[in-house]
Number of protein chains: 2
Amino acid sequence: MTTTHRSPALTAANVEAAVEALRERGLRVSAARRLVLEALYGAEGPLSAERIAEGLEGRLPRSDLASVYRNLETLEEVGLVRHVHLGHGPGLYALAAPEHEYLACESCHAVRSVAREELDGIRAQVREQFGYEARFTHFPLVGLCPNCLAESEGHAHP
Amino acid sequence: MTTTHRSPALTAANVEAAVEALRERGLRVSAARRLVLEALYGAEGPLSAERIAEGLEGRLPRSDLASVYRNLETLEEVGLVRHVHLGHGPGLYALAAPEHEYLACESCHAVRSVAREELDGIRAQVREQFGYEARFTHFPLVGLCPNCLAESEGHAHP
DNA sequence: CGGTAACTGCGAATGAGTCGCAAAAACTAA
DNA sequence: TTAGTTTTTGCGACTCATTCGCAGTTACCG
Ligand SMILES: [Zn+2]
Ligand SMILES: [Zn+2]
Ligand SMILES: [Zn+2]
Ligand SMILES: [Zn+2]
């Protein structure tokens, strides 16, 4: 799986801002919660709850997957985090801030992350044709990537 | 969930044809397998394995979900059946033959099923812009349906 | 420092799907 | 038909992702 994500600069400061947002909503900033947030700020691409939990081991006297899920859920409610479903695997979590959308390859499972605007054209066409406002933030746009496509077209030889 | 599927005519004959296809591949036609096939031929829209299994109760001395899954799997391998993931729920199975694709509403979970060609324009644009060959057969095109869209735009009042 | 929510760890539960295995069909060839 | 071969089945147990209940902590407010 390949994901092209520029990691947000000044992670530490950003985490502090996020933490502040939590406090403002009356949410507490536990060590675990902060670490989940840090994991997401430091990540290259979206992470599974499992992977986040792994990252917590050692950095915390004891941690547990259920709490990671609960934290991801509240962070999502607050709008700091969101998740995507890239294919069959577990849900993957990322910061909500940089509005990426995803193109997933059904064959090689590569994932390309693109800025929201790059899909505006397609969104416009979907809207025009069907009246739907397409969204690729929670479920990606799925297809065959150029590589797999070339391969499968190679097979169409006489 | 609303799905617009015309059910294939002459169900009985179609089932017989499918059954023949199975025999030709050296697969056996057990009562359970035939009933799964019939369930799909008779269905309005895609069905979960669970629902198919429910439909089998009574029509069969004893039946079981695992076997339904196994049958769906082999029917899929043979190309008679396929499945879609419409949102978070379980996978939904349908006949492979009428090549529908789906538009799913992320908000009200309505599902619109469209003929493959109706998405050709969008597929072309995706291909042009990203080199991807978009597919909406296994994972649908997700967005806000016109209703939910109108509603959410209503909220944007001053 | 308390006090009082909110949060955590744990273990158990859920839902979707898969696997192993022995018993029961379905085809096959005699 | 029947015996033999091979698939399928039913069952129960299992995995994996996610959620829940609850008692024990911990973060924040005063
Ligand atoms: Zn989701
Ligand atoms: Zn690919
Ligand atoms: Zn699938
Ligand atoms: Zn809707």
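Chain identifiers are assigned alphabetically (A, B, ...) following the order of the sequence lines, protein sequences preceding nucleic acid strands; residue numbering begins at 1 within each chain.
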By side-chain contact (heavy atoms from CB on, under 4.5 Å), A/R70 pairs with (sequence neighbours left out) A/D64, A/A66, A/S67
Partner residues of B/A53 under the side-chain contact (heavy atoms from CB on, under 4.5 Å) criterion, sequence neighbours left out: B/L65, B/V68
Atom-pair distance ([atom1] on [X]; [atom2] on [N]), nearest Å:
X     : N      : atom1 : atom2 : answer
A/L72 : C/dC7  : CG    : P     : 14 Å
B/N71 : D/dT7  : CG    : C1'   : 11 Å
B/L22 : C/dA25 : CG    : P     : 20 Å
B/E77 : D/dT7  : CD    : P     : 13 Å
A/I52 : D/dT18 : CD1   : P     : 11 Å
A/R51 : D/dT18 : CZ    : P     : 13 Å
A/L75 : C/dC7  : CG    : P     : 10 Å
A/D64 : D/dG21 : CG    : P     : 16 Å

Find every protein N or O atom lying less than 3.5 Å from an N or O atom of nucleotides 1-4 of chain D, and list the pairs.
none

Which donor-acceptor pairs under 3.5 Å do the side chains of residues 24-32 of chain B make with protein atoms, sequence neighbours left out?
residue: B/R25; atom: NH2; partner: B/V78; partner atom: O; Å: 3.4
residue: B/S30; atom: OG; partner: B/R33; partner atom: N; Å: 3.1

For [X], what residues pass the salt bridge (charged side-chain N to carboxylate O under 4.0 Å, His left out) criterion, not counting sequence neighbours?
X      : result
B/R51  : B/E54
B/R123 : B/E101, B/D120
A/E77  : none
B/E16  : B/R34

OP1 or OP2 of D/dT9 sitting under 4.0 Å from any side-chain N/O of B/R62? no
Sugar-phosphate only, base, or nothing, as touched by A/S63 at under 4.0 Å among non-hydrogen atoms: sugar-phosphate
Every protein N/O within reach of nucleotides 15-22 of chain C N/O, cut-off under 3.5 Å:
residue: C/dG17; atom: OP1; partner: B/G91; partner atom: N; Å: 3.1
residue: C/dG17; atom: OP2; partner: B/Y69; partner atom: OH; Å: 2.3
residue: C/dG17; atom: O5'; partner: B/Y69; partner atom: OH; Å: 3.3
residue: C/dG20; atom: O6; partner: B/R70; partner atom: NH1; Å: 3.1

So which protein nitrogen or oxygen atoms get under 3.5 Å of nucleotides 27-30 of chain D's nitrogens or oxygens?
residue: D/dA27; atom: N3; partner: A/R28; partner atom: NH1; Å: 2.9
residue: D/dC28; atom: OP1; partner: A/R23; partner atom: NE; Å: 3.3
residue: D/dC28; atom: OP1; partner: A/V29; partner atom: N; Å: 3.0

Any non-hydrogen side-chain atom of A/Y93 less than 4.5 Å from a side-chain atom of A/V36? no
Would you mind listing every salt bridge (charged side-chain N to carboxylate O under 4.0 Å, His left out) that reaches into residues 130-144 of chain B, with sequence neighbours excluded? B/R127-B/E133
Any pair with a residue in residues 115-134 of chain B that passes ring-ring contact (aromatic ring centres under 6.0 Å, His included), sequence neighbours left out, goes on the list, sorted by first then second residue, please. none
Looking only at side chains, do A/H138 and B/H88 share a donor and an acceptor under 3.5 Å apart? yes
